[in-house]
There are 2 protein chains.
Amino acid sequence: MSDERDFLDSYDPAAYTPVAVTVDVVALTIRHSRLHVLLVERGAHPFAGWWALPGGFVQQESLDAAARRELAEETGLRSGEGLLDRVHLEQLRSYGDPGRDPRMRVVSVAYLAFAPSLPDPQSGGDASGARWVPVDEVGELAFDHAAILADGLDRARAKLEYTPLATAFVGDEFTIGELRAVYAAVWGEELHAGNFHRKVLSVPGFVESTGETSTRGGERGGPKPRLYRAGDARLLHPALLRPTREDGVR
Amino acid sequence: MSDERDFLDSYDPAAYTPVAVTVDVVALTIRHSRLHVLLVERGAHPFAGWWALPGGFVQQESLDAAARRELAEETGLRSGEGLLDRVHLEQLRSYGDPGRDPRMRVVSVAYLAFAPSLPDPQSGGDASGARWVPVDEVGELAFDHAAILADGLDRARAKLEYTPLATAFVGDEFTIGELRAVYAAVWGEELHAGNFHRKVLSVPGFVESTGETSTRGGERGGPKPRLYRAGDARLLHPALLRPTREDGVR
DNA sequence: TAAATAGTGTCTTTGAGACACTATGAC
DNA sequence: GTCATAGTGTCTCAAAGACACTATTTA
């Protein structure tokens with residue numbers, strides 16, 4: 001069949017410029033009550049020695065699969081072991097400015113990943129220079145990765161408001177206090193414990209009780225909190241809005 | 001310099017599979033109080049004779065520029081004439097499943113465009129078979145374009161809630177009634193005129209008064225409505241929520 | 001005991017939505 | 001006149017947030 005020939009004949013020769021497609025992953029987790037992002041140290045030029053988002057070329061697989069594969073490679077986690085499969089992964093957006101990679105035209109499809117606290121990397125991955133970095137300690141990054149990270153953080157902060165995404169940062173069973181710590185870490189501000197508690201329980205389908213309580217109180221005292229699981233809601237109604245930040249960007 | 005050689009050596013040969021990058025545009029406008037999308041009729045295989053979203057290959061330009069260029073080509077509008085420059089354009093998401101195009105691996109970056117009522121196409125574009133179609137009359141589309149359109153509509157409906165996007169569908173000066181018609185067309189349901197009126201005026205920065213009134217009343221009577229311009233808000237606070245649809249997807 | 005936390009009660013304020021009503025202008 | 005629309009008033013109910021308070025647990 002001459003389909004591909006027709007295809008290639010049908011557009012402007014300028015389009016023949018070779019293009020590479022990569023995925024980059026903004027992987028977020030919470031450690032010690034602080035939001036962390038997974039970064040890798042680049043070995044090769046350009047930006048050798050710089051920190052960058054994990055990522056790589058898309059192979060013969062879907063974009064989603066490429067992102068999950070890259071995440072597995074950089075964290076050393078294997079599919080089927082449970083941990084990796086519970087990571088929430090969603091497409092963020094694509095970045096394709098000419099010149100964003102000095103070598104050739106590269107269009108990168110960025111992904112956003114949310115995970116419960118994961119072990120340190122290097123345990124088997126091919127990027128030995130990978131580590132979790134608190135998002136407020138991230139310095140300059142290679143390529144346009146700083147902008148991608150900023151977009152990812154914006155998205156994450158917004159999605160906590162109207163989706164039950166926060167449950168992706170905690171284990172299967174969790175306390176309301178742990179859930180509140182997720183919001184505090186991602187939004188960077190404390191939330192009123194009492195009102196948060198009531199609010200979470202009042203949103204239909206956000207969490208469901210396990211009937212159990214934690215075996216221990218908090219580290220610094222307090223009663224044994226009850227345990228909850230994620231509910232079946234995919235959107236929060238009414239939403240859990242952020243403390244009003246100057247009433248929107250004007 | 002051997003940079004590009006290093007680059008190409010550094011990844012799996014499977015990645016050498018040639019990839020093409022395209023942009024596809026979900027262009028929405030409102031005509032006669034109904035939401036329309038711009039479609040083009042395909043001339044070449046595959047899907048010859050099918051309707052599809054306008055789009056094409058990314059050239060040596062940014063992704064945003066490619067989307068605006070494709071939109072200009074298909075609508076016949078020229079940049080600099082004003083109309084095209086006022087079209088709101090934003091990236092939707094990317095689609096790259098292997099097999100979505102039967103000829104080769106194609107990753108498409110989809111864009112969403114919102115425009116005030118535009119003239120019919122064919123007036124100079126290279127796609128003579130382009131036309132505006134009411135979204136509820138769109139049949140099967142080529143490739144995965146039906147899914148892209150559905151995602152675009154979801155995004156548009158959601159963004160009306162918390163951004164002043166509706167003003168992108170009307171002219172520079174508009175009445176509250178016209179704005180309400182935009183919401184009604186995009187959401188597919190009537191809104192209570194009185195409550196909508198008060199709500200729009202109560203959101204800081206959504207609209208600002210021009211001090212003028214329309215020169216004529218409505219087609220079927222009524223007083224001369226006041227005229228407004230878009231305000232400087234980029235987010236609506238509080239948001240203008242849709243009439244509650246079954247309280248979220250569960 | 002002191003301090004921190006879980007969970008609940010209550011009050012105030014804001015906003016959403018239902019409904020009603022007046023005034024205006026096209027036909 | 002008739003009818004649709006613009007714009008406002010008012011009432012009710014839900015929800016957000018401030019604050020207070022009790023009970024429980026750790027150190």
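These numbers come from a predicted model, not from an experiment.
Put simply, the side chain of A/Glu70 never gets that close to the backbone of A/Asp24: no donor and acceptor are under 3.5 Å apart. A donor-acceptor pair under 3.5 Å is formed between the side chain of B/Tyr183 and the backbone N or O of B/Leu160. Of the possible donor and acceptor atoms, one in the side chain of B/Thr29 sits under 3.5 Å from a partner among the backbone N and O of B/Ala115.
Judged by closest nucleotide on DNA chain C, A/Gly177 is the one of B/Ser202 and A/Gly177 placed further toward the 5' end.
Proximity of A/Val25 to A/Leu38: side-chain heavy atoms (C-beta onward) are nowhere separated by under 4.5 Å.
Rounding to whole angstrom units, CZ of residue A/Arg242 and P of D/dA15 are separated by 21 Å. Atom-to-atom, NE2 of A/His237 to P of D/dA16 comes out at 12 Å; the value is rounded to the nearest Å. Residue B/Leu241 contributes atom CG, which lies 7 Å from atom P of C/dG17 at whole-angstrom precision. If you take CD of B/Glu161 and P of C/dG15, they are 17 Å apart, rounded to a whole angstrom. In this entry the distance linking CZ of A/Arg180 with C1' of C/dG7 reads 11 Å, nearest Å. Here the P atom of nucleotide D/dA16 and the OH atom of A/Tyr183 are 12 Å apart, to the nearest Å. B/Glu189 has its CD atom 11 Å from the P atom of C/dG17, to the nearest Å. One atom, CG of A/Leu201, and another, P of C/dG7, lie 8 Å apart when rounded to the nearest Å.
With sequence neighbours excluded, no residue forms a salt bridge (charged side-chain N to carboxylate O under 4.0 Å, His left out) with A/Arg93.
Atom CG of residue B/Leu227 and atom CG of residue B/Asp172 lie 11.0 Å apart, to the nearest 0.5 angstrom.
For D/dA15, the OP1/OP2 oxygens have no side-chain nitrogen or oxygen of A/Lys199 closer than 4.0 Å. When the side-chain nitrogen and oxygen atoms of B/His197 are compared with OP1 and OP2 of D/dA6, none of them lie within a distance under 4.0 Å. In this structure, B/Arg226 reaches the D/dG7 phosphate: one of its side-chain N or O atoms is under 4.0 Å from OP1 or OP2. At D/dT25, none of the side-chain N or O atoms of A/Arg220 fall inside 4.0 Å of OP1 or OP2 (strictly under the cut-off).
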Please produce a list of atom pairs where a protein N or O lies less than 3.5 Å from an N or O of nucleotides 19-24 of chain C.
from, atom 1, to, atom 2, distance (Å)
C/dT24, O2, B/Pro223, N, 3.2

*Derivation and outcome, side-chain contact (heavy atoms from CB on, under 4.5 Å), residues A/Val182 and A/Leu165*: CA-CA 10 Å; A/Val182 171; A/Leu165 190 62; over 6 Å; no
